[in-house]
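Below is one structure, written out as structure tokens, with a few remarks after it.
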2 protein chains.
Amino acid sequence: MKPTAVTWAILGLLAEQPRSGYDLKRSIDRTIRHFWAASYGQIYPELKRLEEAGWISGADGGNRARRVYRATPAGRAALVDWLHGEETRIELRDESLLRLFFADTLPADEALGLLRARRDGYAQMHALLRSLDDGSGEPDTPFVDLVYRWGLDYCAWGIEWCERQERRLRRRS
Amino acid sequence: MKPTAVTWAILGLLAEQPRSGYDLKRSIDRTIRHFWAASYGQIYPELKRLEEAGWISGADGGNRARRVYRATPAGRAALVDWLHGEETRIELRDESLLRLFFADTLPADEALGLLRARRDGYAQMHALLRSLDDGSGEPDTPFVDLVYRWGLDYCAWGIEWCERQERRLRRRS
DNA sequence: TAGTGCATGTAATGCGTTACATGATTTC
DNA sequence: GAAATCATGTAACGCATTACATGCACTA
């Protein structure tokens with residue numbers, strides 16, 4: 001069992017509460033997905049691998065043909081090991097920055113348009129994140145809340161940054 | 001010819017000045033790589049595809065066995081089209097956030113350690129970016145400089161954010 | 001009884017990294 | 001002449017998405 005990032009995403013959610021593959025996908029889409037996406041094509045095979053490794057156990061549950069998994073003690077231990085694991089390397093992948101990087105080829109006003117588009121991208125994501133917190137539902141645990149705040153704050157920062165830079169570049173031209 | 005992100009990275013650099021595959025890799029590692037990495041395994045096959053498409057042309061240059069490519073007019077046109085292209089969707093992939101997200105499983109002080117580790121990750125990347133600007137070399141064009149600033153500012157923001165949140169969480173506990 | 005959403009899964013494909021193979025040239 | 005670096009490339013592998021296939025259950 002060679003763990004990958006999706007391993008921990010699934011195991012972490014199952015440690016919190018038992019879920020089916022379908023539920024996992026929905027939970028991920030509401031939360032984790034904004035900094036780490038996962039698709040069915042990863043989730044279902046990974047559930048099998050995790051069960052073989054003894055880190056989760058599945059049981060046919062409820063009506064329908066749904067199989068509900070829960071984290072085993074061994075799984076919880078592995079999760080905690082990972083949390084203690086190697087240091088953090090910040091890695092980015094941001095196509096919008098790639099575009100900005102080459103914007104010097106364009107006339108000045110079109111180049112500024114790209115900066116504006118980036119700003120709008122941030123605004124859109126900010127709106128999406130805000131819409132996830134409908135106020136109902138129980139309040140999040142501290143670190144789940146922390147990561148949610150990160151998303152909001154990051155977008156807010158990004159919007160301001162783009163606006164500030166746009167003003168700066170306009171002043172010089 | 002179905003373009004992908006690495007297509008534009010290469011084409012953009014070649015539009016600026018002619019380079020070999022090896023030079024491209026080095027340029028990418030100094031600049032683009034901080035928000036969009038690329039490996040030889042992508043670069044060399046992509047150079048072939050780009051040449052077949054007529055977007056770049058290669059010539060055996062200099063001494064050694066080096067092949068130097070330059071963007072053709074068709075390539076430049078394609079690049080500009082891409083720059084004008086679809087709107088920007090912000091997509092993230094950040095394993096450190098994934099860890100933070102599950103930190104509630106840990107005792108409070110260890111969880112705060114993860115936040116500190118993230119801060120240190122930002123600090124490390126900030127130092128790396130600063131080290132790239134040795135002051136020598138000609139000054140960057142406006143948008144190349146803009147993206148460089150983004151990296152620095154993002155790291156600075158990230159450091160502050162982590163420190164602020166650490167203080168906040170300590171106050172509550 | 002037709003449609004929608006629940007639920008599970010796989011196959012094909014594409015993107016990207018790593019590791020390896022090869023050899024020339026410069027520098028010490 | 002040994003080491004470092006320049007330089008090009010490929011094969012194997014792994015990770016992830018997309019699209020598709022299947023069928024049940026609820027509801028209008």
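Chain naming here is simple, since letters A, B, ... match the order of the sequence lines and numbering starts at 1 in each. The structure displayed is predicted, hence computed values, not measured ones.
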Could you tell me how far apart [X] ([atom1]) and [N] ([atom2]) are, to the nearest whole angstrom?
X       : N      : atom1 : atom2 : answer
A:Asp60 : D:dC24 : CG    : C1'   : 14 Å
A:Arg66 : C:dG5  : CZ    : P     : 18 Å
B:Met1  : C:dG14 : CE    : P     : 14 Å
B:Ile43 : D:dA7  : CD1   : P     : 14 Å
A:Glu46 : D:dC15 : CD    : P     : 9 Å
B:Glu51 : D:dT8  : CD    : P     : 13 Å
A:Arg49 : D:dC15 : CZ    : C1'   : 11 Å

Is a side-chain donor-acceptor pair under 3.5 Å present for [Y] with [X]?
X       : Y       : value
B:Ser27 : B:Arg19 : yes
B:Thr7  : B:Glu46 : yes
B:Tyr40 : B:Tyr22 : no

> Got A:Ile32 and A:Leu13 here, is their nearest side-chain heavy-atom distance under 4.5 Å?
Replying inline: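 Yes. Closest side-chain heavy atoms under 4.5 Å.
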
Heavy atoms from C-beta onward define the side chain here; which of [options] lies closest to that of [X]?
X       : options               : answer
B:Lys48 : C:dT8, D:dT18, D:dG9  : D:dG9
B:Arg67 : D:dA16, C:dG9, D:dT8  : D:dT8
B:Arg93 : D:dT17, D:dG9, C:dA7  : D:dT17
B:Tyr44 : C:dT8, D:dT10, D:dA16 : D:dT10

> Is there a side-chain polar atom (N or O) of B:Gln42 under 4.0 Å from OP1 or OP2 of C:dC15?
Replying inline: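 No.
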
> C:dG9 phosphate, OP1 or OP2: any side-chain N/O from A:Tyr40 under 4.0 angstrom?
Replying inline: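 Answer is no, no contact under 4.0 Å.
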
> Relative to the ring of A:Trp8, is the ring of A:Trp82 parallel (under 30°), tilted (30 to 60°) or perpendicular (over 60°)?
Replying inline: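 Geometry flag for A:Trp8 against A:Trp82: parallel rings.
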
> Which residue, A:Ser39 or A:Lys2, contacts DNA chain D at a nucleotide closer to its 5' end, judged by nearest heavy atom?
Replying inline: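 That would be A:Lys2.
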
>> Taking any heavy-atom pair under 4.0 Å as a contact, classify B:Ala5: base, sugar-phosphate, or nothing.
In response: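 If one applies the 4.0 Å heavy-atom cut-off, B:Ala5 turns out to touch nothing in the nucleic acid.
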
> Can you check side-chain contact (heavy atoms from CB on, under 4.5 Å) on B:Glu16 and A:Asp104, steps first, answer last?
Replying inline: CA-CA 10 Å; B:Glu16 194 211 333; A:Asp104 291 299; over 6 Å; no

>> Among residues 8-36 of chain A, which ones have heavy-atom contacts with DNA chain D below 4.0 Å?
In response: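 Within this stretch, A:Trp36 sit under 4.0 Å of the strand.
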
> Where is the tightest heavy-atom contact between A:Glu95 and B:Trp36, given as atom of each residue plus distance?
Replying inline: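 In terms of heavy atoms, the two residues are closest at N-CZ3, 3.5 Å.
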
